[in-house]
Peer 1: 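One structure coming up, written as structure tokens, with questions to follow.
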Amino acid sequence: QVQLVESGGGLVQAGGSLRLSCAASGRTFSRYTMGWFRQAPGKVREFVSAITWTYGLTSYADSVKGRFTISRDSAKNTVYLQMNSLKPEDTAVYYCAAGSTIGLRTSTGAYDYWGQGTQVTVSS
């Protein structure tokens, strides 16, 4: 049974930092793409960042480029999202996802497994 468990969310002031973690278990993810998405109240779920597990190729939404960094630790089967210079508009529930579709996909439909989400709130 595949499980993705996010952690690291919380309340932070604008300009601050948080690091989200996604612990993956239940299968081998070596050929998967791991993604982070977020969903604010009343809005659709949107792509934030993705990384290919094997080669570490990365992709970012324009809104987070230069502020967020995605990485993975193969030994721990964990993906991270380092978020710096946070803004109030980054407030959302952040979801980790795993997809077997080849490439750095940005659509939710390309991902097979999802975590339960972790809340990130940035105060102004």
Peer 1: Just verifying a value: how many Å separate Phe47 CZ and Asp62 CG, rounded to the nearest 0.5 Å?
Peer 2: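 It comes to 10.0 Å.
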Peer 1: Do you know which two heavy atoms are closest between Tyr111 and Gly99, and how far apart they sit?
Peer 2: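 Heavy-atom minimum between the residues: CD2-N, 3.5 Å.
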Peer 1: Just verifying a value: how many Å separate Arg38 CZ and Thr91 OG1, rounded to the nearest 0.5 Å?
Peer 2: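 Spacing of CZ (Arg38) from OG1 (Thr91) equals 9.0 Å.
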Peer 1: Looking only at heavy atoms, what is the nearest atom pair of Ala14 and Pro88, with distance?
Peer 2: CB-CD, 4.1 Å
Peer 1: Consider only side-chain heavy atoms of I, L, V, M, F, W and Y, link residues closer than 4.5 Å, and tell whether Tyr80 and Tyr32 are in one cluster.
Peer 2: no
Peer 1: Kindly compute the distance separating OH (Tyr60) from OG (Ser49), expressed to the nearest 0.5 Å.
Peer 2: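 Spacing of OH (Tyr60) from OG (Ser49) equals 4.5 Å.
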Peer 1: What's the shortest heavy-atom distance between Phe29 and Val2, and which atoms?
Peer 2: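 Heavy atoms of Phe29 and Val2 come nearest at CZ-CG1, 3.8 Å.
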Peer 1: Closest approach of Val64 and Val48, non-hydrogen atoms and distance?
Peer 2: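 Nearest pair, atom of Val64 first, then Val48: CG2-O, 3.6 Å.
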Peer 1: In the single-linkage hydrophobic clustering (I, L, V, M, F, W, Y; side-chain heavy atoms under 4.5 Å), do Leu4 and Ile51 co-cluster?
Peer 2: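 Yes, Leu4 connects to Ile51 through the hydrophobic network.
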Peer 1: If you take all heavy atoms of Ser17 and Ser85, which pair is closest and at what distance?
Peer 2: OG-N, 4.3 Å
Peer 1: If you take all heavy atoms of Arg105 and Ala50, which pair is closest and at what distance?
Peer 2: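 Closest approach of Arg105 to Ala50, heavy atoms only: O-CB, 4.3 Å.
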Peer 1: Suppose we screen for ring-ring contact (aromatic ring centres under 6.0 Å, His included). Which residues come up paired with Tyr113, at least two apart in sequence or across chains?
Peer 2: none
Peer 1: Is the backbone N or O of Gly26 less than 3.5 Å from a side-chain atom of Gln1, with the two atoms forming a donor-acceptor pair by type?
Peer 2: no
Peer 1: What distance do Gln3 atom CD and Cys22 atom SG have between them, rounded to the nearest 0.5 Å?
Peer 2: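 Reported to 0.5 Å precision, the distance equals 11.0 Å.
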Peer 1: Just by distance, do the side chain of Thr118 and the backbone of Ser7 share a donor-acceptor pair under 3.5 Å?
Peer 2: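 No.
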Peer 1: Tell me whether Trp36 is reachable from Val93 by hopping between hydrophobic residues (I, L, V, M, F, W, Y) whose side-chain heavy atoms are closer than 4.5 Å.
Peer 2: no
Peer 1: Can you label the angle between the Tyr95 ring and the Trp114 ring as parallel, tilted or perpendicular, going by 30° and 60°?
Peer 2: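 If you compare the ring of Tyr95 with that of Trp114, the planes turn out perpendicular.
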Peer 1: Rounded to the nearest 0.5 Å, what separation is found between the OG atom of Ser71 and the CE atom of Met34?
Peer 2: 11.5 Å
Peer 1: Between Thr69, Leu18, Asp90, which is the residue that forms a side chain to side chain contact (heavy atoms under 4.5 Å, CB included) with Met83?
Peer 2: Leu18
Peer 1: How many angstroms lie between CG in Leu104 and CD1 in Ile70, if you round to the nearest 0.5 Å?
Peer 2: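 That separation rounds to 9.0 Å.
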Peer 1: With distance as the sole test, does Asn77 use its side chain to make a donor-acceptor pair with the main-chain N or O of Ala24 at under 3.5 Å?
Peer 2: yes
Peer 1: Do Arg45 and Phe37 meet the cation-pi criteria used here (NZ or CZ under 6.0 Å from the six-membered ring centre, within 45° of the axis)?
Peer 2: no
